[in-house]
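Reading through the structure tokens given below for one structure.
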Amino acid sequence: MPLLTMKDICKSFSGVYANDHINLSIEEGEIHALLGENGAGKTTLVNILYGLYEADSGEIFWNGEKASFRSPADAIRAGIGMVQQHFSLVRNMTVLDNVILNLPGNAAFLKRKEAGEKFARLAAAHGLLVDPGAVVADLTVGEQQRVEILKALYRNVKLLILDEPTAVLTPQETVNLFQVLRSLAGEGYAIIIITHRLSEIMEVTDRVSILRSGRKVAELDTASTDVHELSRHMIGHDIDEMPPPDIPPREAPMLRLDSVSLERKRLAQPLHDIRFSIRKGEILGVAGVEGNGQKELAEVICGIRRHTSGTIFLEDADISHLGVRPRYEAGIAYISDDRQGDGLVPDMNITENLALRAYGKPPMARHGLVDARAMSKVAAEKTQEYQVLASGRSGAATPVRLLSGGNQQKLIIARELEEGGKLIVACQPTRGLDIGASEFVHQKLRAWRDAGKSVLLISADLEEIRMLSDRVAVLFGGRVVGVLTREEASVQALGLLMGGVTAAAAEGAGA
Ligand SMILES: Nc1ncnc2c1ncn2[C@@H]1O[C@H](COP(=O)(O)OP(=O)(O)OP(=O)(O)O)[C@@H](O)[C@H]1O
Ligand SMILES: [Mg+2]
């Protein structure tokens, strides 16, 4: 008897099926992947299981009995836990307080000390290291995810759902997570994992269900399939090979950082004496284990944080003292890796989010006055070009919190790749995007580069870095420990530098 059976699950939003008669069964000890393009219905299906959405029709059997979970609290009580695509931690509370928040029944009265001990035991047993006393807002995205997993484990779940867990992880963290998942499965836990990375499915799962436009189109044994078959089921064709960059960068620097440092300010990884330049027509990749200063570097360049010494030049102009808005107007665009934090305003609609940056300028405004018609026109064009899909009738009037994760990301990119821009600081630009959408974003970044503009590409995905970058800078402990050419940037060379092995740095640094 399967641990879980979902039968004929249907769910529609404004008349459009997000889940169309979906069947799914999971055994104890099984790691089951849900695969599908952005908007295929994966998150919707697990939201139904977790009691966040109510299915229009269909049945759920849990431990052989018909069940219906009306809230996450219901699902958790039954033994189903979920780490959502967008975390739901209370940002101004500590890690431990988040973990023990809203515990049902007696557990809530467990003494703090005992709670701390249980937390430490779980954390150590599963290699989920995070400081229980830290405030969540101070944590990296990866650390926050560990807290979410611990929170579920703390509640003794039997089935753990992870919605795109690796999208926020470094390669090393992903390896660790997979070890955790395998050991949990070995102990009889069942796991549902949503990921767009086919190699991860091959590596860690037992079975795969593939969704397409709300329908389940295939269920396969991982051992008897391969990435090509998965891709064919998902998008209807094989994965395309990426062409290497072929246009040599022009010589003139677009952006130059001269001895830029950020002394420790609250919440920041300090940056030490950063020197590099990005040429016009160049993509400079930034590799590094998350938390080594990538975010701070991006924010210092965009003006969100003010560096404490050194100089930043855009073309020949010293922009060190400019704030965020003037830097944007000077041509610096920003794709933040925190979609719902500083990327988008969740309660505003698509049109408004697209206009966030440029509402004061033509074509969105005339004589300084916002032109609603023009705004709608821009929104219609951009959503079409970037294939931002909103279900139902409201179209561009849809609040962005209702978009799937991938569609939110496309929206940010559509807004930031503006015509007047010169440099785009792109943090994890394809995180959470399906293969087709990732290819599309890569094309856009290449086109931007080929037009003589510049890209600073910060990514935890080494393959992405190597595929797109003309040169790769490696950050470690807030320092640039090496700048490698395309040819030098093998996975091995990057891996060593990312791990702080800086023997190679002497040759590479100072570009
Ligand atoms: N609360 C909601 N209101 C309206 N439409 C919704 C809602 N939740 C999901 N949808 C729509 O249902 C469809 C499926 O979305 P879902 O979030 O399940 O996709 P997904 O497969 O998880 O995609 P992604 O890979 O981009 O995260 C999308 O068209 C989405 O816009
Ligand atoms: Mg999703």
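Excluded from the calculations below are hydrogen atoms, water molecules and symmetry mates; all remaining heavy atoms, backbone and side chain alike, are included. Just so you know, ligand 1 is whichever comes first in the structure, and atom 1 is the first atom listed for that ligand. Note that the numbering runs from 1 along the sequence shown for the chain.
- Which of Leu433, Leu34, Leu402 comes nearest to atom 31 (O) of ligand 1 through a heavy atom is settled by distance: it is Leu402.
- With a heavy-atom cut-off of 4.0 Å, Glu164 touches ligand 1 through its side chain alone.
- Under the side-chain hydrogen bond (donor to acceptor under 3.5 Å, both in side chains) criterion, the residue pairs touching residues 21-32 are Glu30-His32, His32-Ser209, with sequence neighbours excluded.
- Within ligand 1, counting atoms from 1 as listed, the ones closer than 4.0 Å to a heavy atom of His196 are 25 (O).
- The shortest N or O to N or O distance between Asn407 and ligand 1 is not below 3.5 Å.
- Between Gly406 and ligand 1, at least one N/O pair is under 3.5 Å apart.
- Here the CD1-CD1 distance, from Ile31 to Ile193, works out to 7.5 Å after rounding to the nearest 0.5 Å.
- The ligand atoms of ligand 1 that sit less than 4.0 angstrom from a heavy atom of Thr44 are 9 (C), 14 (C), 15 (O), 16 (P), 18 (O).
- Contacts of Thr94 classified as side chain to side chain donor-acceptor pair (under 3.5 Å), with partners at least two apart in sequence or in another chain: Asp97.
- Considering both main-chain and side-chain atoms, Gly39 comes within under 3.5 Å of ligand 1 through a nitrogen or oxygen pair.
- Distances below 4.0 Å separate heavy atoms of Glu37 from the following atoms of ligand 1: 21 (O).
- Polar contact with ligand 1: present for Ala40 (N/O pair, distance under 3.5 Å).
- Other residues, nucleotides and ligands contribute more than 12 heavy atoms inside 6.0 Å of the CZ atom of Phe440.
- For Tyr328 and Tyr334, the ring centers sit 6.0 Å or farther from each other.
- Ligand 1 has a nitrogen or oxygen under 3.5 angstrom from a nitrogen or oxygen of Gly41.
- Inclusion of Ser404 in the first shell of the Mg ion (ligand 2) is not supported: no N, O or S atom falls under 2.8 Å.
- Side chains of Gln145 and Pro165 form a contact here, defined as non-hydrogen atoms less than 4.5 Å apart.
- The closest non-hydrogen atom to atom 25 (O) of ligand 1, taken over Arg401, Lys42, Gln409, comes from Lys42.
- Listed by number with element, the atoms of ligand 1 under 4.0 angstrom from any heavy atom of Asn38 are 23 (O), 24 (P), 25 (O), 26 (O).
- Using a cutoff of 4.0 Å between basic side-chain nitrogens and carboxylate oxygens, Arg431 and Glu464 are not scored as salt-bridged.
- The CG atom of Leu49 sits 8.0 Å away from atom CG of Leu24, with the distance rounded to the nearest 0.5 Å.
- To the nearest 0.5 Å, atom CG of residue Asp8 and atom CD1 of residue Ile60 are 12.5 Å apart.
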